[in-house]
Number of protein chains: 2
Amino acid sequence: MYSIGELSKRTKVKVPTIRYYEEMGLMAQAERTDGNQRRYDNAGLERLSFIRQARDLGFSIEAISSLIELQEHPDRSCEAATNIAVPQLADVRAKIKRLKTLEKELARISKACDGDGISGDCYVLEALADHGLCDRKH
Amino acid sequence: MYSIGELSKRTKVKVPTIRYYEEMGLMAQAERTDGNQRRYDNAGLERLSFIRQARDLGFSIEAISSLIELQEHPDRSCEAATNIAVPQLADVRAKIKRLKTLEKELARISKACDGDGISGDCYVLEALADHGLCDRKH
DNA sequence: CTTGAACCTCTAGTCACTAGAGGTTGTATA
DNA sequence: TATACAACCTCTAGTGACTAGAGGTTCAAG
């Protein structure tokens with residue numbers, strides 16, 4: 001049996017976050033000692049690891065809740081899990097695309113101003129202030 | 001002079017968000033009509049556009065506040081603006097890197113489960129549950 | 001037995017918004 | 001001039017995923 005702190009160390013999920021996940025229903029209510037401290041078995045450790053993995057992959061608490069329900073009902077279609085994972089993949093791809101655009105623009109404005117000037121002539125500030133200027137330079 | 005709604009339409013920033021930016025100090029307190037409605041001049045429109053651009057580039061409210069202060073003090077070094085933009089660029093690059101890793105992993109688990117099975121044999125769920133399995137397959 | 005780390009619940013805060021209640025204003029139209 | 005309705009106002013509280021801290025209790029090592 002693990003205390004919440006031990007669970008935290010093993011999964012790298014913070015103690016308050018574990019409590020939060022319990023409140024959100026992702027973790028089952030833990031058994032308690034006579035002193036009201038949570039104690040987790042291996043199933044609890046596995047559940048938290050699952051949650052951690054999914055969070056790291058960007059799944060929302062809600063999506064993880066759905067995945068967990070599927071896990072608890074092995075008779076349900078795997079399609080349901082894929083229906084959660086595939087939009088998540090699309091979301092990640094959209095974010096990458098957007099961030100690449102941002103990167104390009106930030107790189108442009110960062111490079112163009114080498115820090116020599118005064119802010120009155122600052123290209124960073126000008127680029128933010130004048131989107132028309134930005135467009136022309138693309 | 002623009003009403004807040006007109007400003008919103010021109011900048012695509014929502015009305016409550018404009019009020020929020022005023023509360024956060026990014027927008028100057030607007031002039032008011034006798035009926036207490038905000039009215040903005042072209043300087044207000046330009047300021048909001050600046051804020052919108054910077055937000056779109058991922059700058060935090062705090063960073064934008066600093067950029068605005070630089071803008072209002074043209075005697076200050078352009079270096080200060082670059083010192084805000086360059087870490088932002090680094091942050092975006094780090095995010096891209098992380099998202100690409102996530103994309104790869106999500107693509108792998110999404111593809112491997114074609115939705116034919118039942119969730120008891122679901123690769124999506126297995127991959128989330130067993131990080132060791134994940135490692136072995138890389 | 002003592003001590004201090006780790007535990008508990010509860011409240012509220014973070015960030016960047018967003019929603020809605022209840023009331024007022026501005027403007028177009030009849 | 002009166003009416004109607006969209007747009008405005010402030011205020012409170014909520015969203016999502018945490019995070020922080022107060023005040024108190026428990027656990028385990030020495």
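Residue numbers start from 1 in every chain, and the chains themselves are labelled A, B, ... in the order their sequence lines are given, proteins ahead of strands.
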Establish, with yes or no, whether the OP1 or OP2 oxygen of [N] is under 4.0 angstrom from a side-chain nitrogen or oxygen of [X].
X	N	value
K14(A)	dC18(D)	no
T17(B)	dT18(C)	yes
S3(B)	dA7(D)	no
Y21(A)	dA17(D)	no
T33(A)	dC27(D)	yes

Whether over 12 other heavy atoms sit under 6.0 Å from E6(B) CD:
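Yes, enclosed.
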Atom pair distance, as rounded to whole Å: [atom1] in [X] and [atom2] in [N]:
X	N	atom1	atom2	value
E22(A)	dC10(C)	CD	P	12 Å
K12(B)	dT18(C)	NZ	C1'	20 Å
L48(A)	dC18(D)	CG	C1'	14 Å
Y20(B)	dG14(D)	OH	C1'	14 Å
E23(B)	dT18(C)	CD	C1'	13 Å
Q37(B)	dT27(C)	CD	C1'	11 Å
I64(A)	dG16(D)	CD1	C1'	12 Å
D34(A)	dT25(D)	CG	P	17 Å

I want to verify a distance call: between [options], whose nearest atom is closest to the [X] side chain?
X	options	answer
N36(B)	dC17(C), dC7(C), dC9(D)	dC9(D)
I61(A)	dC17(C), dC7(C), dC18(D)	dC18(D)
R38(A)	dC18(D), dT18(C), dT9(C)	dT9(C)

Measuring only between side-chain heavy atoms, which start at C-beta, is Q71(A) closer than 4.5 Å to F50(A)?
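With C-beta onward as the side chain, the pair touches.
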Do Y20(B) and V15(B) have side chains that get closer than 4.5 Å, going by heavy atoms?
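They are not in contact (no side-chain heavy atoms under 4.5 Å apart), so the answer is no.
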Both R32(B) and K9(B) contact DNA chain D. Taking the nearest nucleotide for each, which residue is further toward the 5' end?
K9(B)
Nearest-nucleotide check on DNA chain D, R19(B) vs S60(A); residue mapping nearer the 5' end is R19(B)
Assign each of G35(B) and F59(B) the nucleotide of DNA chain C bearing its closest heavy atom; nearer the 5' end lies the nucleotide of F59(B)
Check E22(A) with R38(A), please: is the shortest side-chain N to carboxylate O separation under 4.0 Å?
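Yes, charged N to carboxylate O under 4.0 Å.
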For a side-chain contact (heavy atoms from CB on, under 4.5 Å) with I18(B), tell me which candidate from L26(B), I51(B), L48(B) qualifies.
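By the side-chain contact (heavy atoms from CB on, under 4.5 Å) criterion, I18(B) pairs with just one of L26(B), I51(B), L48(B): L48(B).
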